[in-house]
Amino acid sequence: MGLQELIDKNSRIVFFGGAGVSTESGIPDFRSSDGLYNQKYDYPPEEMLSRSFFDRNPSEFFRFYRDKLICRGARPNAAHLKLAELERKGKLSAVVTQNIDGLHTEAGSRNVFELHGSVLRNRCMKCGKSYPLEAIEAAPDVPYCDCGGIIKPDVVLYEEPLNESVIYGAVNAIKAADLLIIGGTSLAVWPAAGFIDYYRGDDLVVINRDETPADKKATLVIHGKIGETLAAITV
Ligand code: APR
C-alpha cells in the first residue's frame, strides 16, 4: 500500500520528525555529510551543545548558537505545510519534532510537541522573565536580563532532561496513533528515538533520505526528499 492510501485510510496520524524536515528550508541537519556535526570547530559540536559547556563557557556557547542554530529567514517548506493541512483536515493528531526552529508552528500546525524545545522561547535563569529570539540575536555576547541573570534559550541541551509535559503529550499521541510517519531523522539521539516504540498501530512509514534503524520494521520506506514526497499527497 502506498503513502496516499495509508493516509486516506487513517485519521489519527502522528508525524515524528527531525532536522531532515527543515533542510529543504535551508537549515542544515546534523549528521548528513554537509550537516552541522561534520563541520570543523574548536570543540566537538555535541560538547558545545551540552549544559556543562553552557555553564562553563557561555560566551563560546552563544557564539556557536547564534552562528549555527538560529536560522533567521528560514520558511516552512512543503513538508511543514502539508502536515499542517493534514491536521486541519482532521487526519493528523500531532507532530512530534526534535527540531527547535519553530517551523511546524509557523506552517500552521497546532498540536506540536517540541522534544528539544524552541529557539523562539528564551527565559532569564534568575528571575524567569521571558524574552523573544531578538534578545539573543541582538546581544553582543552573553545575553543578560535586566535583573542581571543570563537569558537561556528554551532548548534542551545535552545532559538536560526533556520537558515532562512534552514527554507526556508526545507519548500519549504516539500511543493513540493509527499511523506513525517517521521522517527526516536519523533516530540517533535518545531518549527522542525511543518515543517511536510507544506506537501500537499496524502500519509504520519511514520517509528519510538515508537508511534509519526503523526501516526494517516499517511497512513502507521511502528513501527520498520529504518535502517533495509529502507535497504529492492530496488530502
Ligand atoms: N528529506 C528526507 N530526509 C532528509 C532530508 C530531506 N530533505 N534531509 C536530510 N534528511 C535525513 C538525513 O538522511 C538524516 O538521516 O534526515 C536525517 C537527519 O538526521 P540528523 O542530522 O541526525 O538529525 P536528527 O535526527 O534530527 O538529530 C536528532 O540530534 O544533536 C541532536 O538535538 C539534535 O535534535 C537533534 C538530534
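Each ligand, and each atom within it, is numbered from 1 in the order the structure gives.
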Could you list the donor-acceptor pairs under 3.5 angstrom formed between side-chain atoms of residues 174-183 and any protein atom two or more places apart in sequence or on another chain?
unit_1 : atom_1 : unit_2 : atom_2 : d
Asp178 : OD1    : Arg12  : N      : 2.9
Asp178 : OD2    : Ser11  : N      : 3.0
Asp178 : OD2    : Arg12  : N      : 3.1

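- Side-chain atoms of Ser93 never come within 3.5 Å of backbone atoms of Val14 as a donor-acceptor pair (strictly under, hydrogens ignored).
- Counting heavy atoms of neighbouring residues, nucleotides and ligands inside a 6.0 Å radius, atom OH of Tyr168 does not exceed 12 of them.
- Using cut-offs of 30° and 60° for the angle between ring planes, the Tyr65 and Phe61 rings count as parallel.
- For ligand 1, the 4.0 Å heavy-atom shell takes in Gly18, Ala19, Gly20, Thr23, Glu24, Asp29, Phe30, Arg31, Ser32, Tyr37, Gln98, His116, Tyr158, Gly184, Thr185, Ser186, Val189, Asn208, Arg209, Asp210, Gly224, Lys225, Ile226, ordered by chain and residue number.
- Listed by first and then second residue, the ring pair (Phe, Tyr, Trp, His ring centres under 6.0 Å) pairs involving residues 66-120 are His80-His104 (not counting sequence neighbours).
- Think of Leu103 as one node in a network of Ile, Leu, Val, Met, Phe, Trp and Tyr side chains linked at under 4.5 Å; its network also takes in Ile27.
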